[in-house]
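Here the structure comes first, spelled out in structure tokens, and everything after it is commentary.
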Amino acid sequence: PTKEMLWYPSVHCTMHDLSLKITQILFHYLPAYVMDLFMLATGKRTKWVRLYTKADKAFVPFEFFTTHQWRFISDNPIHLSKEMTTEDQEMFYFDVRKINWQSYFENYILGIRQLVFKDDPTTLPLARSNLERYIHFKGLIRL
């Protein structure tokens, strides 16, 4: 498992494909190649280009959905919910207003880690520890 992190995970929004590609090259691949070159020169195993290639590959399936605007309007679930008995509402739970979104996204990210990145769940404590250490370090240096 990887113990270092070059950049803290973040989101950069852009309206142009060219801007996205330039950002990927400048902030992902160029530093990755420099780090791998340094690691190769010091006799260590290269990994950064492989990691960024893996991350890019993981996001390809989501590209269509993240590059288009979506708006869903339907009053039917609200009307249906009002007509349901309490028993039906407990059995067929679909009121998105009552979803615990924190828990939902935690499970979503854990699923992506396991199913897309093929990360072993036993690496999660180390990944969390590394992230906390990075957040603490970043807070100390204030870039």
Side-chain angles (χ1 to χ4, degrees), residues 1-81 84 86-143:
T2 301
K3 296 180 182 176
E4 301 92 16
M5 183 183 313
L6 190 55
W7 303 119
Y8 180 72
S10 62
V11 175
H12 174 79
C13 297
T14 180
M15 297 290 288
H16 307 285
D17 288 342
L18 181 60
S19 175
L20 175 64
K21 294 299 178 195
I22 290 171
T23 302
Q24 285 177 324
I25 290 168
L26 289 176
F27 292 102
H28 290 189
Y29 286 101
L30 185 61
Y33 277 104
V34 169
M35 291 297 291
D36 276 355
L37 185 61
F38 175 77
M39 292 179 84
L40 193 61
T42 58
K44 295 181 180 173
R45 193 173 139 233
T46 61
K47 62 183 171 186
W48 294 106
V49 173
R50 186 179 71 251
L51 286 172
Y52 278 114
T53 301
K54 187 178 181 181
D56 283 346
K57 182 181 174 186
F59 288 109
V60 167
F62 307 107
E63 188 172 338
F64 177 79
F65 300 100
T66 59
T67 58
H68 292 82
Q69 185 173 359
W70 302 93
R71 186 173 179 201
F72 300 95
I73 300 172
S74 176
D75 291 330
N76 290 341
I78 295 169
H79 295 303
L80 179 60
S81 176
M84 293 171 68
T86 305
E87 282 181 1
D88 288 343
Q89 287 177 2
E90 288 176 14
M91 187 180 298
F92 303 105
Y93 184 78
F94 65 91
D95 187 351
V96 296
R97 297 170 297 185
K98 295 180 182 176
I99 292 175
N100 179 339
W101 290 104
Q102 178 74 27
S103 173
Y104 173 86
F105 279 110
E106 284 176 12
N107 288 322
Y108 176 81
I109 290 168
L110 289 174
I112 295 231
R113 251 184 129 257
Q114 188 173 357
L115 301 172
V116 176
F117 289 141
K118 307 291 185 208
D119 285 343
D120 188 321
T122 60
T123 65
L124 189 58
L126 177 62
R128 284 184 172 151
S129 171
N130 289 338
L131 184 59
E132 286 298 321
R133 190 173 338 122
Y134 182 82
I135 291 169
H136 178 72
F137 177 74
K138 186 176 180 185
L140 291 176
I141 60 171
R142 293 273 184 216
L143 298 176

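Keep in mind that this is a model prediction, so the values were computed, not measured. Values below: all heavy atoms of this structure, side chains included; hydrogens, waters and symmetry mates excluded.
Shown here for Ala127 and Arg113, the closest heavy-atom pair between the two residues is CB-NH2, 3.5 Å. The shortest heavy-atom contact between Tyr52 and Ala32 is CD1-CB, 3.7 Å. Here the shortest heavy-atom pairing between Leu26 and Pro31 reads O-CD, 3.1 Å. Contact between Ala55 and Phe117 at its shortest, heavy atoms only, is CA-CE2, 4.1 Å.
Checking side-chain atoms of Thr23 against main-chain N and O of Ser19 turns up a donor-acceptor pair under 3.5 Å. Proximity of a side-chain donor or acceptor of Asp36 to a complementary backbone N or O of Lys47 within less than 3.5 Å is detected. Between the side chain of Gln89 and the main chain of Ser81, a donor-acceptor pair closer than 3.5 Å is present. Using modelled atom types, one side-chain atom of Trp70 and one backbone atom of His68 make a donor-acceptor pair closer than 3.5 Å.
Arg50 is listed as a side-chain neighbour of Arg45, based on a closest heavy-atom distance under 4.5 Å. A 4.5 Å side-chain heavy-atom check between Phe92 and Leu80 finds every atom pair outside the cut-off. Annotation: side chain of Thr67 is not in contact with side chain of Asp17 (no heavy-atom distance under 4.5 Å).
Each of Leu51, Asp56, Val49 was compared with Thr53 under the side chain to side chain contact (heavy atoms under 4.5 Å, CB included) criterion, and only Val49 meets it.
Atom CZ of Phe62 sits in a crowded spot, with more than 12 heavy atoms from other residues, nucleotides or ligands closer than 6.0 Å. Counting heavy atoms of neighbouring residues, nucleotides and ligands inside a 6.0 Å radius, atom OH of Tyr33 does not exceed 12 of them. The local environment of NZ in Lys57 is sparse, with at most 12 non-hydrogen atoms from other residues, nucleotides or ligands closer than 6.0 Å.
Atom-to-atom distance recorded for Ile22:CD1 and His16:NE2 is 11.0 Å, nearest 0.5 angstrom. Note that CG of Leu37 is 15.0 Å distant from CH2 of Trp48, once rounded to the nearest 0.5 Å.
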